[in-house]
Engineer: 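Take a look at the following structure, please.
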Amino acid sequence: MGQRVGGLARTESVDSAGGGGRTGAAPGGTAPSRTLLTLAVRDYGDGDEEFAEGIDEQLAVVREWWGAHDTPDPFRHIPSPELTERHDVERFLHDSGVRELRGRALVVFVTGHGVTGSSNAHFLELPKTDEKRLLATAIRTSEIVTAALDSHAENVLVIVNTCFAGRIQAELASLYEDIRRSRRTECRIDVIVTCDHDSRVLVRRFPGVLRAVLNRLRTSAEITTPWLSVADLLAEFENELGGDSARVRHRLRRVVDGGGQTAVTPCLPNPGYRPVRELVAAARRQVATSADEVDSWLSRASGRPNEQDAGWYFRGRERLNSRTAAFLGSPYGVLLITGTAGSGKSAVLARAVTLSDPEFRHTPAYQQALELAEPATVPPEKSVTAAVLARHRGTAALVADLLLGLDIEPVQPGPEDDTVSLWSAQLAAHLATPGPRVTLVVDGLDEASDPSGIIRDVLAPLSAFCAPGPAAAPGGVPGPRPARRTRQTRELRLLVGVRSSRPLNGTGARDHEPSLLGALRGAFPAARVERTDDAAAEQDIVEYLHALIGPRSCSPDAMVEAVRTVARLVAPSFLDARLAGEQLRSAADPLATVADPEWQELLKAGTTGLLQRDLRLVAAEGLPSDVALALLRASAHAQGAGVPWANVWPAIAEVFLNRPLENPDEAIGKLLNSRLDGYLAHAQEDDRRVYRPAHEALVATLKDKSDELLAHIRDEAS
C-alpha cells in the first residue's frame, strides 16, 4: 500500500517512463512538491495500432518535458495503469490521492478518445464504454479535471487532449464556482484543451506538434525564466502551427484561467532555461565582466607558455589598471576614463568592478584570477558600491539604477513632481548622511539617451560630496591634496567612462570645442583623466594580441613581429584588435595572413574591412554573406537591449534582405555558431535573451547606408 495522504492511499511510480510498481514515501516523510499525473487510454481493443502509438508518442514527450530529474525540485510522475472501464479511472483518482494532493504544483495530462452526449457533456471514452449509456460506462472529463482543481495543490494545470475537448468549457464554467473562493483567488488553476468543441484530434500529428514546441522552447524561444506562463505556451504553439491548415486544429485553448495569462506558473517548466552565472552582486552587475569572458581568459591563461602570457584580462594594460585601482583606494575624487570608440574604456571599468566585488573574490573558481593579476592592478575589496551602464538609458532610469544599487527604493513621484529632480535629491540626501564611503561607477555615458542631462541633473550635483580629489598634473602625477573633509557627509568616489576624440598630436591637451568630456571637466574641475588611446595603447594591443592568439607552432620571433604589425595598423582600437586576433587564431597560417597585403588593407579599413572578410569566410562555411549581414543589421536596428530570436529577428532581417528568409532558425543557429558570434553581445529583456552588436562602433558600421559591406558580395556574385 502507498502512503496515506488525507485518508486516501496514494501510489507513486518508481519508473517515470511508466513502468509498474507502487511505492510511497517513508512514514512521516515529505511528499514531493511537484506532481505529474498522466491519465491515458491507449488500447480500445479495436486493433488500432496507430492510435496506440500516437498516445505513446504523446506520453513520451510529456515525460521528457516534465520528467527532468536534474532539477532541485523535480516532478514526481504518477502514470495511470491500463484503463478499461469507468471503475478503473475512479480507482486511479482515488489511489493517486489527487483530490487530497498537496504541494507546489500539480499537472494532469489527459488523453484518449473523447465523446459528447446529447446534453453536450464531454466524456472520456473507455474500452468498455457503451455509447448508449455514457453516464454509467464512460466518465465525465470534468470529473477528472475538477478532482485536480479542487485539490490542495497550490498551482494546478490540466491539459486535455481528446476530440471535442472544447466542450468541457461550459461545464467547468459552472463547476468552477463550487471551488472554494479562497482557492480561486489565491491559487493558479488553469485548464487547457488541445482542440475545439467540434474538432477531432489527429492522434499522430499532435505529438509532432508538441515535440516541435518543446524544441522551439529549447532553442529559438530563448525565454530566460525557469518557468513559463500559459501565454508563453500558447504563443509557441501558435508560432509552430503558423498557417498549417492540417495542424491548426491543435491550437491550444484556455478554458479555465486561474491567475492571468502572463504570470509564470510552477506547473510549466521551461525546457530551454539555462541558469545565468553571475560573478558579482546585483549592484555592480551592469558594468562587470560576464562569466563567459572571465572563464575564457582563465582558460587561455591556464595554457600560457610562460608567466608573461597569463591572460589579458588579468595581466594586461597594467599602467592604466594600476592607476584605476589606486583611485579606488583613495578617499574621494573623480576619475574619468576616456578615449575613442573601441579603445577599451568599458573593459578597464569592467575589470575594476569585477575584481573589487566580494562575491567574485571569494568564489573558489576565480581565485586563479586574483593570483594571475598584478597586485597593483587589483582594486581594494568592496571599493565599488554601485556600477550602472548608461547605454540607451534616460536620465530618470539612470538615477533610479544608482539608487537601487545603493539599496534605496526610489520614492513614488507625485503628479506635480519632476522625477529626475526628486530622485537626484534622494541620492544627495543619502550622501549627506554620515556613513561609509560610496563609490559610483557610470559607464557608457556617451551612449545614454540624454548624456548632457545626466551630467547636468545627476552627476554635477554630486561634486559637493567628491571634495575634489588630487588634481591631475602632466603625466598623471597627483596634485596637492585638499583640506580634509568633514565626517558629516559620506566620502564619494565617482568613476565615469565616456567617449571622446583623440587629442591632436597625442599631447593630451584639453578639448577646446564643446564635448561630454569638456562638460564633465567643467562639472569636476579637479577630476583626474585617464585615456585609453594614448601612446601606450599600441604596446598594450601587442600584449593583448599575444594573449588572444595564444601559442602557435611558428617561430616566436616571427609571431612577435607579426603581432606588432597588426597592432600598428589597428591601434588604438581594441575592438579591431579583437576582431583581427580572432581571425588569426582561426587561421591555419597566421603569419601568412598577416603578410597578405589584401588583409593588411582590410585592417586599415578598420571594423568594416574585418567584417567584410568574416562575411566571406562564413559564406564558405555555409551561411550566405547577405543573410549573415541582414541578421547582423537587424540586431543593430533593434530597440531596447537587443533583438530576440523567436519570430522577431527573422522578421527584421527580411527587411534588409529584401526577400523571405528561408529556414530562419537554421540561419540564426549558424550565425551564433560561427565566427560572427564574436560581433554580438547578449542580454535579457522582457524575460527573453536578446542580441545586439558587441560595441557601439559596430552599430555605426552596420547602420552605414553606403552599402560598402555589400559591395564585395555583389562583386563575388558577378
Side-chain angles (χ1 to χ4, degrees), residues 278-289 321 323-337 345-346 348-363 366 370 377-391 393 395-411 423-445 448 454-455 457-469 485-498 520 523-524 527-528 530:
E278 301 291 1
L279 296 187
V280 303
R284 292 168 286 279
R285 203 164 286 161
Q286 291 184 25
V287 176
T289 310
N321 286 330
R323 292 186 177 187
T324 304
F327 170 77
L328 291 174
S330 64
Y332 37 73
V334 179
L335 175 61
L336 308 178
I337 302 292
K345 301 177 295 295
S346 292
V348 171
L349 292 175
R351 182 186 185 279
V353 169
T354 303
L355 294 182
S356 71
D357 185 83
E359 291 187 15
F360 176 83
R361 293 168 71 117
H362 294 286
T363 300
Y366 298 113
L370 295 174
T377 70
V378 178
E381 186 174 350
K382 300 181 182 179
S383 56
V384 174
T385 314
V388 299
L389 183 61
R391 180 186 297 127
R393 306 289 280 170
T395 307
L398 184 128
V399 70
D401 282 350
L402 287 173
L403 288 171
L404 292 171
L406 296 171
D407 202 22
I408 302 170
E409 187 67 30
V411 297
W423 289 346
S424 292
Q426 190 179 0
L427 176 59
H430 173 73
L431 295 174
T433 61
R437 179 182 298 113
V438 171
T439 302
L440 301 178
V441 177
V442 179
D443 188 25
L445 177 62
I454 290 173
I455 295 173
D457 299 328
V458 180
L459 301 183
L462 302 180
S463 60
F465 304 100
C466 296
R485 290 175 46 93
T486 172
R487 289 292 181 180
Q488 297 306 306
T489 62
R490 299 173 190 262
E491 294 176 336
L492 174 65
R493 287 185 299 239
L494 183 61
L495 183 54
V496 181
V498 61
L520 285 167
F524 305 101
R528 295 171 56 179
E530 294 288 351

Engineer: If you measure only the distance, is there a donor-acceptor pair under 3.5 Å linking the side chains of D443 and S346?
Structural biologist: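 Yes - a donor-acceptor pair under 3.5 Å links their side chains.
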
Engineer: Where the side chain of R284 meets the backbone of T354, is there a donor-acceptor pair that is under 3.5 Å apart?
Structural biologist: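 Not at all, since once roles are kept as given, no pair shorter than 3.5 Å links the two residues.
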
Engineer: Hey, are the side chains of V378 and R361 touching, using non-hydrogen atoms and a 4.5 Å cut-off?
Structural biologist: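 When only atoms from C-beta onward are counted, R361 and V378 do touch, with a gap below 4.5 Å.
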
Engineer: Closest approach of T324 and V348, non-hydrogen atoms and distance?
Structural biologist: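 Heavy atoms of T324 and V348 come nearest at OG1-CG1, 3.7 Å.
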
Engineer: How long is the gap from CG on L335 to SG on C466, to the nearest 0.5 Å?
Structural biologist: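 Answer for the CG-SG pair, L335 versus C466, is 11.5 Å.
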
Engineer: Is any side-chain heavy atom of E359 less than 4.5 Å from a side-chain heavy atom of V280?
Structural biologist: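 They are not in contact (no side-chain heavy atoms under 4.5 Å apart), so the answer is no.
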
Engineer: Taking all non-hydrogen atoms of both residues, which atom of Q426 and which atom of E409 are closest, and how far apart?
Structural biologist: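 Smallest heavy-atom distance, with atoms named: NE2-O, 3.0 Å.
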
Engineer: Identify the two heavy atoms, one from F524 and one from L494, that lie closest to each other, and give their separation to 0.1 Å.
Structural biologist: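 Heavy-atom minimum between the residues: CZ-CD2, 3.6 Å.
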
Engineer: What's the shortest heavy-atom distance between V411 and W423, and which atoms?
Structural biologist: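 It is O-NE1, 2.8 Å.
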
Engineer: Ignoring hydrogens and angles, tell me if any N or O in the side chain of R493 forms a donor-acceptor pair with the backbone of S330 under 3.5 Å.
Structural biologist: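 At least one qualifying donor-acceptor pair exists.
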
Engineer: Can you find a heavy atom in the side chain of L440 that is under 4.5 Å from one in the side chain of L462?
Structural biologist: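 Yes, their side chains come closer than 4.5 Å.
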
Engineer: Donor-acceptor check, side chain of R437 to backbone of P331, threshold 3.5 angstrom: yes or no?
Structural biologist: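 Here the side-chain-to-backbone pair exists.
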
Engineer: Mind checking the OG1-CG spacing from T489 to L431? Nearest 0.5 Å is all I need.
Structural biologist: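 With rounding to 0.5 Å, OG1 (T489) is 8.0 Å from CG (L431).
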
Engineer: Does a side-chain heavy-atom distance below 4.5 Å link R490 with T433?
Structural biologist: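 A side-chain contact exists here, since the closest heavy-atom pair is under 4.5 Å.
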
Engineer: Indicate the atoms forming the closest heavy-atom contact of A390 with L445, along with that distance.
Structural biologist: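 Closest approach of A390 to L445, heavy atoms only: CB-CA, 3.9 Å.
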
Engineer: Output the distance between atom CG (L520) and atom OG (S463), rounded to the nearest 0.5 Å.
Structural biologist: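 It comes to 11.5 Å.
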
Engineer: Does either side chain, that of R351 or that of T377, offer a donor lying less than 3.5 Å from an acceptor on the other one?
Structural biologist: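 Checked: R351/T377 side chains pair up, N/O donor to acceptor below 3.5 Å.
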
Engineer: Which residue in the set L389, V442, D457 passes side chain to side chain contact (heavy atoms under 4.5 Å, CB included) when paired with L398?
Structural biologist: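 Result: among L389, V442, D457, V442 is the only option passing the side chain to side chain contact (heavy atoms under 4.5 Å, CB included) with L398.
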
Engineer: Are any of the side-chain heavy atoms of V384 and D357 separated by less than 4.5 Å?
Structural biologist: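 With C-beta onward as the side chain, the pair stays apart.
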
Engineer: Please give me the minimum heavy-atom distance between L355 and P379, naming the atom from each residue.
Structural biologist: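 Heavy atoms only, the tightest pair is CB-CD, 4.0 Å.
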
Engineer: Applying side chain to side chain contact (heavy atoms under 4.5 Å, CB included) between V353 and each of L328, L495, V441, report the one that passes.
Structural biologist: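 Going through L328, L495, V441 one by one, the side chain to side chain contact (heavy atoms under 4.5 Å, CB included) with V353 is satisfied by V441 alone.
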
